[in-house]
Amino acid sequence: MLTRDQERIIEATAPVVAEHLNTITQRFYPLMFERYPEVKPLFNQAHQVNGGQPRALAGSVLAYVQLRQEPARARQVLETVVNKHVSLNIQPYQYPIVGECLMAAIGEVLGDAVTEDVADAWGALYEELAALLIDLESQRYQAFAEAPGGWRGTRSFRIAETRQESAVIRSFILEPEDGEPVADFQAGQFIGVRVTIDGEPVYRHYSLSAYPNGRSYRISIKREADGRVSRHFHDVLQVGDRIDLLPPAGDLTLPEEGHEPVMLLSGGVGQTPMLPLLREALAQGRQVVYLHAALDRDHHAFGDHVETLARDYPQQLQVVTFYENADDAIRVDHVGRISRDLLARYLPAGEPRCYFVGPQGFMVAVDRHLAALGVPEERRHFEHFGPSRALEAA
């Protein structure tokens with residue numbers, strides 16, 4: 001617990017730290033990778049290059065500084081961090097590494113402004129934050145390990161089947177090597193994956209793209225030209241190959257209670273968490289508008305599956321498809337990009353919940369359109385495939 005003097009120091013120095021926080025976090029990661037190269041595989045280096053990971057860390061630190069006097073609210077905001085950590089199997093012994101390197105980065109950036117008292121205060125703040133995260137993550141690990149079909153740490157799976165869903169998206173059906181059941185998950189969640197590339201373990205997390213069945217998991221991965229792990233899945237891994245999975249996590253989920261209509265919007269591979277959400281919403285008896293935007297027909301994955309559900313649930317499900325590129329011979333609902341007027345046409349009446357995932361520009365546009373159409377923030381749900389960041393950062 002921080003002392004009263006430390007509380008006052010944090011309050012007085014928080015504006016200065018906030019002003020330089022992006023610079024601090026940009027320095028922090030190279031410093032940590034230099035001192036502790038063993039943690040580098042946990043991070044997608046593409047997110048280091050584009051600044052996504054440093055921005056996410058800066059945002060988390062700022063959010064905690066602003067909300068630490070409201071413990072319940074702070075825990076809620078930190079759930080996104082906890083979800084990502086659970087999918088990477090982050091452990092308590094790793095937190096001192098982060099604390100050491102973060103304080104070193106603060107010292108390098110702020111120089112003489114970081115007196116011994118200032119360093120002690122911010123160090124204590126970090127220890128408080130770390131203790132909270134460790135507690136939240138421990139609860140999640142324990143709960144999943146005790147669930148039917150659950151486990152702790154990694155569990156070995158094999159690729160039982162692959163399916164090419166579009167020109168760039170391939171599904172991988174994963175079955176446990178031990179042949180035992182696998183734990184259910186909440187529709188919309190993702191799962192941590194560990195693969196070995198060139199002798200080095202590499203971690204990623206991918207949305208679970210099929211409804212829970214107790215026997216296997218399915219992930220559907222877009223091949224990115226510069227994606228080290230996605231290219232490994234597409235170009236190297238085959239049926240029978242082994243990978244390790246970590247516990248499912250994520251909060252892009254439907255509430256357990258309520259019957260309000262749902263609008264599911266996706267762009268490209270952002271469709272993957274929407275597929276189990278669609279099944280869940282239909283099972284709950286909700287009215288659903290399923291709106292998907294693809295580059296063209298060749299890049300449109302899961303179209304047949306969604307159309308089958310539309311035939312099975314004609315009174316509940318409306319499917320709307322956008323192609324950015326299409327000629328007159330292609331049958332599609334709309335050509336071009338989603339506009340506010342078109343969203344207004346399909347937005348369910350009442351108080352719908354809207355879920356959307358896709359490229360950053362897609363999510364920024366959808367969020368602004370929905371806000372302008374009167375959908376409140378608490379009913380607009382989205383998730384980034386990489387580090388979380390503000391939608392305004394497009």
Side-chain angles (χ1 to χ4, degrees), residues 38-47 83-91 94 137 140-141 144-145 147-166 168-250 269 271-273 275-276 301-302 383 385-387:
E38 66 271 20
V39 305
K40 192 172 183 179
L42 292 168
F43 297 88
N44 187 332
Q45 295 306 303
H47 298 149
N83 284 320
K84 296 296 174 68
H85 283 188
V86 167
S87 72
L88 294 170
N89 197 35
I90 297 300
Q91 296 297 313
Q94 294 166 318
E137 289 155 16
R140 294 280 291 276
Y141 291 135
F144 184 74
W151 67 89
R152 184 177 288 274
T154 59
R155 184 176 176 185
S156 181
F157 282 68
R158 69 177 185 88
I159 299 174
E161 182 183 348
T162 66
R163 301 172 189 166
Q164 195 67 31
E165 310 287 3
S166 76
V168 294
I169 296 173
R170 183 178 299 169
S171 289
F172 298 82
I173 292 80
L174 309 173
E175 295 180 348
E177 286 202 310
D178 59 19
E180 296 296 319
V182 298
D184 284 343
F185 57 91
Q186 289 184 274
Q189 290 190 312
F190 51 81
I191 197 163
V193 173
R194 183 177 72 179
V195 296
T196 301
I197 303 176
D198 299 329
E200 176 186 61
V202 184
Y203 295 77
R204 292 292 186 271
H205 48 262
Y206 294 106
S207 294
L208 290 155
S209 63
Y211 204 61
N213 60 28
R215 303 181 308 275
S216 63
Y217 296 130
R218 186 181 77 181
I219 56 177
S220 302
I221 301 173
K222 177 185 177 184
R223 187 188 189 281
E224 301 283 359
D226 298 323
R228 184 185 183 194
V229 178
S230 71
R231 286 188 290 110
H232 185 73
F233 267 93
H234 277 255
D235 302 344
V236 178
L237 293 181
Q238 300 176 356
V239 170
D241 286 343
R242 174 187 169 280
I243 65 172
D244 292 326
L245 295 185
L246 294 120
V269 76
Q271 189 175 197
T272 50
L275 298 168
F302 306 105
E383 182 177 73
F385 283 145

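- Residue Q238 places its CD atom among 12 or fewer non-hydrogen atoms of other residues, nucleotides or ligands, all under 6.0 Å distant.
- Between E165 and K222 there is no salt bridge, since no side-chain nitrogen of the basic residue lies less than 4.0 Å from a carboxylate oxygen of the acidic one.
- Residues D235 and R223 meet the side-chain proximity criterion, which asks for heavy atoms closer than 4.5 Å.
- Between D244 and R242, at least one side-chain nitrogen of the basic residue sits less than 4.0 Å from a carboxylate oxygen of the acidic one, meeting the salt-bridge criterion.
- Under the 3.5 Å distance criterion, the side-chain polar atoms of H205 are left unmatched by any main-chain donor or acceptor of L246.
- Taking CZ of R215 as the start and CD of E180 as the end, the distance is 14.5 Å to the nearest 0.5 Å.
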I would like to know whether N89 and R152 meet side-chain hydrogen bond (donor to acceptor under 3.5 Å, both in side chains); could you show each step before the answer? CA-CA 9 Å; N89 197 35; R152 184 177 288 274; over 6 Å; no

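- Between atom CD of residue E161 and atom CD1 of residue I173 there is a gap of 4.5 Å, rounded to the nearest 0.5 Å.
- Using a 4.0 Å cut-off between a side-chain N of Lys or Arg and a carboxylate O of Asp or Glu, E175 and R158 qualify as a salt bridge.
- Partners of V229 under the side chain to side chain contact (heavy atoms under 4.5 Å, CB included) rule, at least two apart in sequence or in another chain, are V195, I197, V202, R204, Y206, F233.
- Atom CG of L275 is separated from atom CG of L208 by 11.5 Å, given to the nearest 0.5 angstrom.
- Here S220 pairs with I169, S171, S209, R218, T272, F302 under the side chain to side chain contact (heavy atoms under 4.5 Å, CB included) rule; sequence neighbours left out.
- Interatomic distance, OG of S156 versus CD of E177, reported as 3.0 Å (0.5 Å rounding).
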